[in-house]
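All remarks here apply to the structure that follows.
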Amino acid sequence: YSLQAIEGVVMVELRLVPFSEAASNPSFDDYVAEYVEECGDENIGQPAVQIERYKELDEQGCLRCIGVFDGEVLAGLSILLVTKSQHYSFPLVGIDSIYLRKPWRHGRTGLDLLGAMKAVAKREGAPGLPVMAPVGSKLERLCRSMGLSQTHSAFWCPA
């Protein structure tokens with residue numbers, strides 16, 4: 001899946017990339033810092049990128065990474081996990097991570113990223129993918145405005 005869209009006067013490109021390409025991007029650390037700042041949760045804690053685990057999953061063929069690039073800048077990233085299901089006849093595509101940096105949250109870039117994720121799920125043979133959005137977040141509002149079916153509620157159960 002590759003998509004190019006015009007955001008103002010800047011060309012934004014979405015494409016499937018190996019995790020190593022995303023992680024070696026010069027702006028990856030800025031991407032991660034913004035993600036950690038926004039996505040931490042007092043109940044769960046701060047996220048931290050497990051580079052070696054991602055590389056391992058990528059080598060096993062379980063990851064699909066969709067990078068959003070504004071020139072050389074990593075503006076967004078979705079990391080999808082593809083697994084065989086024990087319950088269904090199709091593979092499951094789960095969202096490990098989806099994040100679009102703040103300067104790129106205008107126009108249709110977020111919608112295009114979601115479209116790319118749906119295209120990957122379809123290509124893998126899955127009928128769709130679950131989107132878990134923080135309560136009250138822009139992602140939750142987007143899911144509701146797109147008419148996505150709410151099939152579950154997520155709760156954190158501390159150990």
Side-chain angles (χ1 to χ4, degrees), residues 1-5 12-25 27-36 38-41 44-70 73-102 104-105 107-135 137-154 156:
Y1 185 92
S2 181
L3 174 72
Q4 293 185 342
V12 177
E13 180 183 14
L14 285 79
R15 68 177 187 270
L16 278 172
V17 296
F19 176 76
S20 60
E21 182 178 331
S24 66
N25 184 282
S27 57
F28 183 73
D29 290 342
D30 293 334
Y31 169 87
V32 170
E34 188 176 315
Y35 177 91
V36 167
E38 186 169 342
C39 296
D41 182 283
I44 302 170
Q46 292 295 105
V49 179
Q50 306 298 315
I51 300 286
E52 292 307 313
R53 180 64 179 139
Y54 278 124
K55 287 180 180 177
E56 181 183 309
L57 289 167
D58 208 14
E59 289 170 7
Q60 293 171 0
C62 299
L63 282 188
R64 304 296 180 272
C65 299
I66 304 166
V68 179
F69 298 93
D70 186 345
V73 175
L74 181 64
L77 183 65
S78 176
I79 301 174
L80 305 175
L81 292 165
V82 180
T83 58
K84 292 181 180 179
S85 175
Q86 295 76 245
H87 303 282
Y88 302 102
S89 61
F90 50 82
L92 298 177
V93 176
I95 301 171
D96 173 74
S97 178
I98 177 175
Y99 191 75
L100 189 59
R101 294 176 67 188
K102 292 175 186 175
W104 289 270
R105 292 182 191 170
R108 59 171 295 111
T109 305
L111 292 172
D112 291 340
L113 181 55
L114 185 56
M117 294 163 56
K118 290 168 56 174
V120 168
K122 185 175 184 175
R123 187 190 76 179
E124 295 295 332
L129 67 162
V131 179
M132 195 166 85
V135 174
S137 69
K138 288 182 180 182
L139 181 56
E140 180 185 45
R141 289 191 296 277
L142 176 64
C143 291
R144 290 189 190 287
S145 71
M146 292 179 62
L148 301 185
S149 299
Q150 184 174 4
T151 62
H152 295 77
S153 292
W156 181 254

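Here the structure is a predicted model, which means the values were calculated and not measured.
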Give, for atom [atom1] of [X] and atom [atom2] of [Y], the distance between the pair rounded to the nearest 0.5 Å.
X	Y	atom1	atom2	answer
Leu129	Lys122	CG	NZ	13.5 Å
Ser145	Leu111	OG	CG	7.5 Å
Leu63	Glu56	CG	CD	10.0 Å
Ile66	Ile98	CD1	CD1	8.5 Å
Leu92	Leu81	CG	CG	10.5 Å

Steps toward side-chain contact (heavy atoms from CB on, under 4.5 Å) verdict (Tyr31, Asn25): CA-CA 10 Å; Tyr31 169 87; Asn25 184 282; over 6 Å; no
By the side-chain hydrogen bond (donor to acceptor under 3.5 Å, both in side chains) test, which pairs, at least two apart or in different chains, include something from residues 83-96? Tyr54-Asp96
Spell out, as yes or no, whether a donor-acceptor pair under 3.5 Å connects the side chain of Asp70 to the backbone of Ala75. no
Backbone of Ile79 reached by a side-chain donor or acceptor of Ser97 within 3.5 Å: no
SB check Arg15 Glu21 (cutoff 4.0 Å): yes
If the threshold is 4.0 Å, N to carboxylate O, is there a salt bridge linking Arg144 and Glu140? yes
With side chains defined as the heavy atoms from C-beta onward, is the minimum distance between [X] and [Y] less than 4.5 Å?
X	Y	result
Leu74	Val68	no
Asp30	Arg101	yes
Tyr35	Val49	no
Trp104	Val73	yes

Specify the closest pair of heavy atoms between [X] and [Y], including all atoms of both residues, with the distance to one decimal.
X	Y	value
Pro130	Ile95	O-CD1, 3.3 Å
Leu139	Ala133	CG-CB, 3.7 Å
Ala116	Leu14	CB-CD2, 4.3 Å
Ala126	Val93	CB-CG2, 3.9 Å
Gly125	Pro91	O-CD, 3.7 Å
Pro127	Phe90	CD-CD1, 3.2 Å

Between Val12 and Phe69, does a side-chain contact (heavy atoms from CB on, under 4.5 Å) hold up when you go through it step by step? CA-CA 6 Å; Val12 177; Phe69 298 93; over 6 Å; no
Output, in order, the C-alpha distance, side-chain angles, deciding distance and verdict of side-chain contact (heavy atoms from CB on, under 4.5 Å) for Val36 and Val32. CA-CA 6 Å; Val36 167; Val32 170; 4.1 Å; yes
Is it the case that Arg105 places NZ or CZ above or below the six-membered ring of Tyr99, under 6.0 angstrom from the centre and within 45 degrees of the axis? yes
Do Leu16 and Arg64 pass the side-chain contact (heavy atoms from CB on, under 4.5 Å) test, and can you show the C-alpha distance, the side-chain angles, and the key distance before you say yes or no? CA-CA 7 Å; Leu16 278 172; Arg64 304 296 180 272; 4.3 Å; yes
